[in-house]
Peer 1: 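Got a structure for you, written out below as structure tokens; questions coming shortly.
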Amino acid sequence: MEFLRAIEEKWQGKWEKAKIFEADPDPKKPKYFITVAYPYPNSPQHIGHGRTYTLADVHARYMRMRGYNVLLPMAFHYTGTPVLAMARRLADNDTGLINDFINVYKIPKEKVKEFTDPMTLASFFHQEIKTGMKEIGFSIDWRREFTTIDPHYNRFIEWQFQKLRKAGYISRGSHPVGWCPKDGNPVGQHDTVGDVEPEIGEFTLIKFRQNNLVFPTATLRPETVFGVTNIWLNPKTKYVKAAVDAEQWIVSKECVEKLTHLNRKVKVLETFGGKDLIGKLVENPATKTKIPILPADFVDPKNATGVVMSVPGHAPYDYVALENLRKTPSQLKEYGLAPKTIESVKPISLIEVPGYSEIPAADAVRKMNIKEQTDPKLEEATKEVYRHEFHNGIMKPNTGKYSGLSVNEAKDKVKQDLIAEGKATTMYELLNRPVLCRCKTECIVKIVQDQWFIDYGKQEWKTLAHKNLDNMEILPEELRSEFNNVIDWLHEKACARKSGMGTRLPWDKDWIIESLSDSTIYMAYYTIVKHIKEHKLQPAQLTDEVFDYVFLGIGKTAEIAQKAKLDAKIIEEMHSEFMYFYPLDSRHSGRDLVPNHLTFMIFNHTAIFPEKLWPRQIATNGSVMMEGAKMSKSFGNIIPLREGLAKFGADPIRLSVLSTAELLQDAEFSPAIAKSMRERLERLYKFASEVAKNSRNTKTSENSLTAIDKWMLSRLQEHIRKATEAMDKLAVRKAIHSVLYELEQDFQWYQKRITAQKGHKKSATDFVHSQVLDAQIRMLTPVAPHLCEELWKMMGEKGFVSLASWPTADESMINIEAEENETLVMDVLEDTLNIMKATGMTPKKIYYYTACSWKWKVYLEMLEKARHGEAKLSEIMKELAAEEDSKKNMKEIANFAQKALKEVNRIPQDRREKVLKMKALDEKAAIEDAKDLLKQRLKAQVEVYDEEDSQRYDPKYKAALSTPFKPAIYIE
RNA sequence: GCGGGGGUCGCCGAGCAUGGUCAAAGGCGCAGGCUUCAGGAGCCUGUCCUGUAGGGGUUCGUGGGUUCAAAUCCCACCCCCCGCACCA
């Protein structure tokens with residue numbers, strides 16, 4: 001362990017000193033520009049974060065070895081509420097959080113106290129994260145580092161927003177948000193107790209009237225207005241009569257504040273108990289019928305208006321409440337209701353649903369055996385009825401012009417019509433209430449006025465975004481359809497808030513641009529920030545005109561430079577560096593950013609840059625699981641990255657997060673995995689040391705290589721090919737498997753073979769070893785760069801392996817025959833073992849009989865036929881019969897052909913081609929060659945004969961059973 | 001609801017895009033053996049059923065279909081996970 005850490009530190013030092021990851025424009029080299037979503041410095045990074053960044057680094061390192069001038073920069077996202085919220089929670093003495101900081105992150109108590117200041121907190125974690133990134137060996141060009149609250153960056157964002165505004169993509173309006181009335185702030189998921197997302201829904205308020213008095217019943221199913229039999233009020237709670245805009249409404253007392261937040265003018269005129277209104281009649285605006293107001297305890301005054309229309313035919317709650325009322329005459333009496341009033345209230349059926357009776361609500365209630373209106377099962381019953389009615393329900397004739405429509409269609413039509421006729425209005429309400437703010441106050445819905453939006457809903461903009469996406473590579477490709485959907489769905493996105501850190505809207509300084517909106521095109525900023533720092537430019541010098549020229553080539557440099565009090569040369573330099581590195585070749589992030597940041601990036605690029613500068617690739621990855629649970633702060637199961645590095649080493653951690661899962665999947669991490677990775681690397685190191693000792697100056701001429709050497713080298717090419725193909729798709733797991741495990745398997749077979757083989761030349765072995773190791777080290781470098789640098793040096797190579805080239809498969813070393821021979825040996829061994837198992841024999845001597853030449857000839861002819869479709873026995877027999885020399889043993893041939901044909905027809909096409917290319921195999925020689933190994937593994941004597949060998953020992957006449965690729969076997 | 005991903009031999013998990021070499025990689029677990037003073041670990045062998053000759057049978061969520069041939073292609077259904085915003 002100490003040893004690995006020492007290596008890491010050593011090479012990180014060397015890289016930094018040699019500045020090998022600092023990328024400047026180089027016209028002689030193709031460039032490759034990779035960025036990863038910059039981190040929020042509000043807590044230390046953990047191993048989960050490490051995955052995304054490591055993947056990006058591996059990508060960068062791979063492309064560098066493929067000969068590209070790779071730029072991988074990094075910055076820090078101070079914008080918005082994450083940093084602020086963290087500081088505030090600490091200031092509020094959130095003990096859980098403070099404990100995490102002290103115990104999990106091992107931050108000194110004294111230091112944590114200082115974190116109530118957001119800037120102190122941010123800059124501390126900024127450095128912490130940066131150090132971690134260095135310790136894990138990311139190949140970042142640190143000269144380009146910045147934060148999103150740097151005044152220069154603010155200028156850049158201002159420029160971006162002016163551009164968006166001029167393009168007509170900024171709009172303003174009001175929209176509903178979850179809101180804490182006490183804090184006076186919008187609440188999102190992370191602001192609520194239990195991290196619940198406030199779900200905002202739109203209720204339809206249908207205006208039942210009593211003369212001029214409006215009873216706004218809140219419903220999510222306006223189409224059922226035709227089945228209303230009564231209105232429910234909660235008799236035990238307070239209601240008010242209030243002037244709402246130009247009308248007089250009856251609503252629950254609790255509703256008043258909500259209406260105010262929804263921008264209605266509300267003035268309470270009178271307060272009274274719900275029971276005071278029981279028994280009064282109101283008119284249904286849709287049917288003009290007069291219906292009574294009845295009492296129901298299930299009515300929640302906190303939900304919407306607290307006034308509810310009753311549709312007992314289709315709403316289980318209403319059905320049960322009505323039944324309850326009917327059965328308790330005492331209640332009727334209490335509220336002065338005549339039994340006759342109740343008797344006349346009968347469920348009305350207005351929707352026809354297959355599988356249900358006239359009264360679906362009654363069916364559901366009976367099925368679930370619900371007796372009381374307070375039964376929680378009613379929730380489920382309601383959902384069930386609704387689900388069926390929504391999908392399969394048809395409106396009945398008693399719904400007038402909606403008759404025959406599906407519920408699905410009628411729902412919206414009824415709503416729109418009622419609103420248009422002034423018989424209804426709408427009200428936002430939380431669907432999953434109660435939602436509690438962290439301050440324990442119940443949240444409500446507020447309509448925020450004059451909110452600024454980026455209008456991703458614009459059709460022509462969507463078209464551009466689709467165009468970009470269509471020409472982009474998406475890794476993994478499976479997510480493309482999700483991007484397509486997100487582009488279609490997005491609409492106005494609130495882009496500024498009144499609090500937090502960041503850039504102020506240039507035209508309305510009260511607002512601060514929020515973090516998902518100031519992080520959409522910043523990749524461009526990396527290409528110029530180097531110059532800003534180098535020349536110590538002032539923010540004021542970065543005028544909109546300067547940016548226009550640098551990024552878009554608009555204007556004349558001399559004029560711009562003069563106005564900005566800036567050297568024209570610097571503007572040119574920035575422009576050409578931008579033009580060199582842009583467009584962005586690859587964008588990395590966690591897959592959770594697909595529906596927001598990544599898609600915003602696409603949109604904003606298309607809005608601001610010409611098509612040739614749009615991003616070319618997006619690569620996303622899943623998260624890291626720790627013992628089955630997602631690694632995240634709230635679960636308390638995190639391992640801070642730096643702690644992991646100290647414990648397991650950088651290369652093992654890199655390997656761990658990338659080798660256990662492919663892009664889309666979540667990766668499993670555990671100390672055991674990290675440990676086994678470390679051991680795997682240590683074994684490689686040990687082996688490499690051995691090889692290094694032996695293979696200095698290994699120069700072996702090709703002709704001293706034996707079959708098994710050629711086999712190993714041939715296999716090596718296949719592994720190189722596979723690893724390269726995998727890396728091109730960022731299937732790092734696959735690549736690692738190919739390089740580390742599959743290659744290793746072949747290599748172990750090779751070792752077994754040469755160990756068993758008497759007199760295998762050492763020079764050949766050394767040559768093969770060094771070939772394998774050379775390729776293996778190169779291919780492992782992107783994932784385990786530290787160890788590989790060390791091995792590289794050990795192998796006597798000069799310079800950095802980080803800058804060496806990725807190996808390419810050498811076609812000339814691919815040896816089909818050697819591979820087929822070896823496959824034969826493996827098959828023969830396996831078959832023999834199988835026979836031993838089936839018979840329970842312990843063999844003394846084993847005889848193999850390889851197929852004779854005519855069998856091969858027939859076999860190959862069949863293959864040739866099969867190449868152009870299925871080979872037919874009759875055809876082949878005819879042809880064979882025509883041939884002179886085969887006439888003598890037609891019966892034998894027919895026998896064999898029948899068996900072989902079955903084989904031939906199920907061989908895949910590419911293997912057929914291979915076999916045809918190399919013709920008959922010298923099976924006898926192949927087995928002879930592996931005789932030492934076979935003897936050793938089978939613990940028996942081994943003899944090989946050609947089946948037609950007259951000298952053969954064959955007491956059981958097995959030889960005739962041989963077929964190509966399947967020698968006959970006799971064991972005694 | 002809308003959208004996305006997924007259901008593989010005890011468990012985890014490849015393979016499915018380009019159907020055949022798939023009873024289906026690898027790891028874990030389990031069983032036996034070797035090694036070690038011991039502990040850990042390492043190595044080897046086995047691990048669907050069945051068979052005294054390399055074979056046969058039944059498997060890849062469920063049910064159909066296409067094909068000489070399907071874990072792999074098509075259709076329907078069931079189940080699980082994730083996202084739906086002003087919040088990163």
Side-chain angles (χ1 to χ4, degrees), chain A residues 37 39-40 42 77 79-83 85 175-178 186-192 195 197-200 383 386-387 390-391 408 448 451-454 456 476-486 488-497 500 514-517 519 590-597 599-600 622-623 628 630 660-662 664-666 668 672-673 676 679 683 729 733-734 737 741-742 744-745 823 827-841 843 870 902-903 905-912 914 937 956 958 961 965-971:
Chain A
Y40 288 95
N42 69 341
H77 206 183
T79 309
T81 46
V83 169
H175 81 301
V177 296
V187 288
Q189 189 173 352
H190 59 285
D191 301 313
T192 62
D195 276 345
E197 180 77 42
E199 249 178 85
I200 297 170
K383 273 190 189 140
Y386 177 66
R387 196 170 56 234
F390 184 80
H391 291 292
N408 185 350
V448 177
Q451 170 71 56
W452 291 101
F453 299 101
I454 299 180
Y456 295 119
E477 178 62 32
E478 284 97 316
L479 289 184
R480 182 180 299 277
S481 49
E482 189 169 344
F483 275 105
N484 266 314
N485 285 314
V486 172
D488 290 336
W489 286 347
L490 284 178
H491 48 270
E492 292 119 324
K493 151 86 182 144
C495 64
R497 310 182 113 222
E514 61 83 46
S515 56
L516 282 173
S517 301
S519 58
R591 68 174 292 192
D592 47 328
L593 298 187
V594 170
N596 43 60
H597 165 261
T599 309
F600 297 161
S623 46
K630 187 173 169 178
T660 57
E662 223 44 274
L664 199 60
Q665 271 118 15
D666 291 332
E668 184 67 37
I673 289 174
S676 82
E679 281 159 6
R683 245 179 294 153
K729 284 187 286 187
R733 176 198 147 93
K734 210 174 198 166
H737 271 247
Y741 298 100
E742 288 169 29
E744 189 66 20
Q745 261 176 29
T823 309
D827 286 350
V828 160
L829 179 62
E830 197 190 310
D831 279 350
T832 313
L833 287 169
N834 195 2
I835 295 171
M836 284 162 58
K837 194 184 134 209
T839 59
M841 291 166 77
E870 202 179 328
K902 249 166 87 183
E903 278 293 309
N905 275 336
R906 56 195 301 252
I907 293 178
Q909 193 59 31
D910 57 331
R911 173 118 198 273
R912 285 175 187 159
K914 266 193 208 168
R937 293 295 297 276
K956 290 272 165 75
K958 293 280 182 191
L961 296 173
F965 295 113
K966 206 170 178 75
I969 302 170
Y970 172 63
I971 296 178

Peer 1: If you look at every strand shown and take non-hydrogen atoms under 4.0 Å, does A:Ile971 touch a base, only sugar-phosphate, or nothing?
Peer 2: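 Result for A:Ile971 = base.
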
Peer 1: Decide yes or no for A:Asp831 and A:Lys966: does some side-chain heavy atom of the first lie under 4.5 Å from some side-chain heavy atom of the second?
Peer 2: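 The answer is yes; the side chains approach within 4.5 Å.
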
Peer 1: Answer whether the closest heavy-atom distance between the side chains of A:Ile969 and A:Ile971 falls below 4.5 Å.
Peer 2: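 Yes. Closest side-chain heavy atoms under 4.5 Å.
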
Peer 1: C1' atom, B:G56 versus B:G63: distance in rounded Å?
Peer 2: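 The same atom, C1', in both gives a distance of 27 Å.
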
Peer 1: In whole angstrom, give me the gap between the C1' atoms of B:C81 and B:G64.
Peer 2: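 That atom pair is separated by 27 Å.
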
Peer 1: Starting from C1' on B:A53, measure out to CD1 on A:Ile969 and report it in whole angstrom.
Peer 2: 8 Å

Peer 1: Assess whether salt bridge (Lys or Arg N to Asp or Glu O under 4.0 Å) is satisfied between A:Glu514 and A:Lys493, documenting all intermediate values.
Peer 2: CA-CA 10 Å; A:Glu514 61 83 46; A:Lys493 151 86 182 144; 3.6 Å; yes

Peer 1: Please state how far atom CG in A:Leu961 lies from atom P in B:A53, giving the value in whole angstrom units.
Peer 2: 13 Å

Peer 1: Taking B:A71 as the reference, what is the distance to B:A23 when you measure between their P atoms (whole Å, please)?
Peer 2: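 Pairwise P distance, B:A23 against B:A71, rounds to 9 Å.
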
Peer 1: Considering only B:C86, B:G4, B:G54, which nucleotide approaches the side chain of A:Asp831 most closely?
Peer 2: B:G54

Peer 1: For the side chain of A:Ala494, counting heavy atoms from C-beta on, which of B:C2, B:G4, B:C86 is nearest?
Peer 2: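 For A:Ala494, the side-chain atoms sit closest to B:C86.
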
Peer 1: Among the nucleotides B:G5, B:G54, B:G13, which one has an atom lying closest to any side-chain atom of A:Glu478?
Peer 2: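 Among the listed nucleotides, the one closest to the side chain of A:Glu478 is B:G5.
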
Peer 1: Start at the 5' end of RNA chain B and walk down; is the nucleotide closest to A:Glu830 or to A:Tyr741 reached first?
Peer 2: A:Tyr741

Peer 1: Return no unless some side-chain N or O of A:Lys966 is found under 4.0 Å from OP1 or OP2 of B:G55.
Peer 2: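 Looking at the OP1 and OP2 atoms of B:G55, one of them is under 4.0 Å from a side-chain N or O of A:Lys966.
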
Peer 1: From the set B:A14, B:C86, B:G4, return the single nucleotide nearest to any side-chain atom of A:Arg733.
Peer 2: B:A14

Peer 1: Take atom CZ of A:Phe483 and atom P of B:C82, then tell me their distance rounded to the nearest Å.
Peer 2: 20 Å

Peer 1: For the pair made of CD in A:Glu744 and P in B:G26, what is the distance, rounded to whole Å?
Peer 2: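 About 14 Å, once rounded to whole Å.
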
Peer 1: Taking the side chain of A:Pro595 as heavy atoms from C-beta outward, which of B:G54, B:G83, B:A25 is closest to it?
Peer 2: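 Ranking B:G54, B:G83, B:A25 by closest atom to the A:Pro595 side chain puts B:G83 first.
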
Peer 1: Both A:Lys734 and A:Asn834 contact RNA chain B. Taking the nearest nucleotide for each, which residue is further toward the 5' end?
Peer 2: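 Mapping each residue to its closest nucleotide by heavy atoms, the 5'-most match is A:Lys734.
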
Peer 1: Considering only atom C1', compute the distance from B:C80 to B:G40 and round it to an integer number of Å.
Peer 2: 39 Å

Peer 1: Within the structure provided, determine whether A:Ile454 and A:Glu492 are in side-chain contact (heavy-atom separation under 4.5 Å).
Peer 2: no

Peer 1: Roughly how many Å is it from CG in A:Leu479 to C1' in B:C82, rounded to a whole number?
Peer 2: 11 Å

Peer 1: How are the rings of A:Phe453 and A:His175 set to each other: parallel, tilted or perpendicular (split at 30° and 60°)?
Peer 2: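 Rings of A:Phe453 and A:His175: perpendicular, as their planes differ by over 60°.
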
Peer 1: Run the salt-bridge test on A:Lys734 and A:Glu742 with the 4.0 Å N-O cut-off and return the result as yes or no.
Peer 2: no

Peer 1: Using purine N1 to pyrimidine N3 plus N6-O4 or O6-N4 for Watson-Crick, or N1-O2 and O6-N3 for G-U wobble, both under 3.5 Å, which nucleotide pairs with B:A53?
Peer 2: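 B:A53 is paired with nothing.
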
Peer 1: Could you give the NZ-to-P distance, from A:Lys729 to B:U18, as a whole number of Å?
Peer 2: 11 Å

Peer 1: Which whole number of Å gives the distance between the C1' atom of B:U62 and that of B:C28?
Peer 2: 29 Å

Peer 1: With rounding to whole Å, what would you report as the distance between B:U35 and B:U45 at their C1' atoms?
Peer 2: 15 Å

Peer 1: So what does A:Ala968 hit on the nucleic acid, given a heavy-atom distance under 4.0 Å: a base, only sugar-phosphate, or nothing?
Peer 2: base

Peer 1: Specify the separation, in whole Å, of atom CD of A:Glu482 and atom P of B:G6.
Peer 2: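 Distance check: A:Glu482 CD to B:G6 P gives 11 Å.
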
Peer 1: From CD of A:Gln451 over to P of B:C86, roughly how many Å is that when rounded to an integer?
Peer 2: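 Distance check: A:Gln451 CD to B:C86 P gives 10 Å.
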
Peer 1: Under 4.0 Å between any heavy atoms, over every strand shown, what does A:Gln745 touch: base, sugar-phosphate, or nothing? Just pick one.
Peer 2: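 Sugar-phosphate, no base atom in range.
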
Peer 1: Quick one: look up who B:C37 pairs with, Watson-Crick or G-U, both distances under 3.5 Å, and put none if it's unpaired.
Peer 2: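 Across all strands, not a single nucleotide pairs with B:C37.
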
Peer 1: Determine the contact category for A:Pro967: base if any of its heavy atoms lies under 4.0 Å from a base atom, sugar-phosphate if only primed atoms, P, OP1 or OP2 are that close, otherwise nothing.
Peer 2: base

Peer 1: Categorize A:Phe453 for me: base, sugar-phosphate, or nothing, with a 4.0 angstrom heavy-atom threshold over every strand shown.
Peer 2: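 Contact class for A:Phe453: none.
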
Peer 1: Could you work out which one of B:A53, B:C2, B:G4 sits closest to the side chain of A:Trp489?
Peer 2: B:C2

Peer 1: Applying a 4.0 Å non-hydrogen cut-off, can you work out what A:Leu490 is touching in the nucleic acid: base, sugar-phosphate, or nothing?
Peer 2: base

Peer 1: Once you apply a heavy-atom cut-off of 4.0 Å, does A:Asn596 come out as touching a base, just sugar-phosphate, or nothing?
Peer 2: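 Base contact - A:Asn596 has a heavy atom under 4.0 Å of at least one base atom.
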
Peer 1: Does atom CD of A:Glu477 have more than 12 heavy-atom neighbours from other groups under 6.0 Å away?
Peer 2: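 Yes, CD of A:Glu477 has more than 12 neighbouring heavy atoms, counting only those of other groups under 6.0 Å.
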
Peer 1: Provide the distance between the two P atoms, one in B:U66 and one in B:A25, to the nearest whole Å.
Peer 2: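 To the nearest whole Å, 31 Å.
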
Peer 1: Roughly how far apart, to the nearest Å, are B:C82 and B:C77 at atom C1'?
Peer 2: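 Rounded to whole Å, the distance is 22 Å.
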
Peer 1: In Watson-Crick or G-U wobble terms, both distances under 3.5 Å, what is the partner of B:G10?
Peer 2: B:C28

Peer 1: Is there a Watson-Crick or G-U wobble partner for B:C2 with both distances under 3.5 Å, and which nucleotide is it?
Peer 2: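 Pairing partner, where one exists within any strand: B:G83.
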
Peer 1: For the residue pair A:Ser519 and A:His597, establish whether any side-chain heavy-atom pair is separated by less than 4.5 Å.
Peer 2: yes

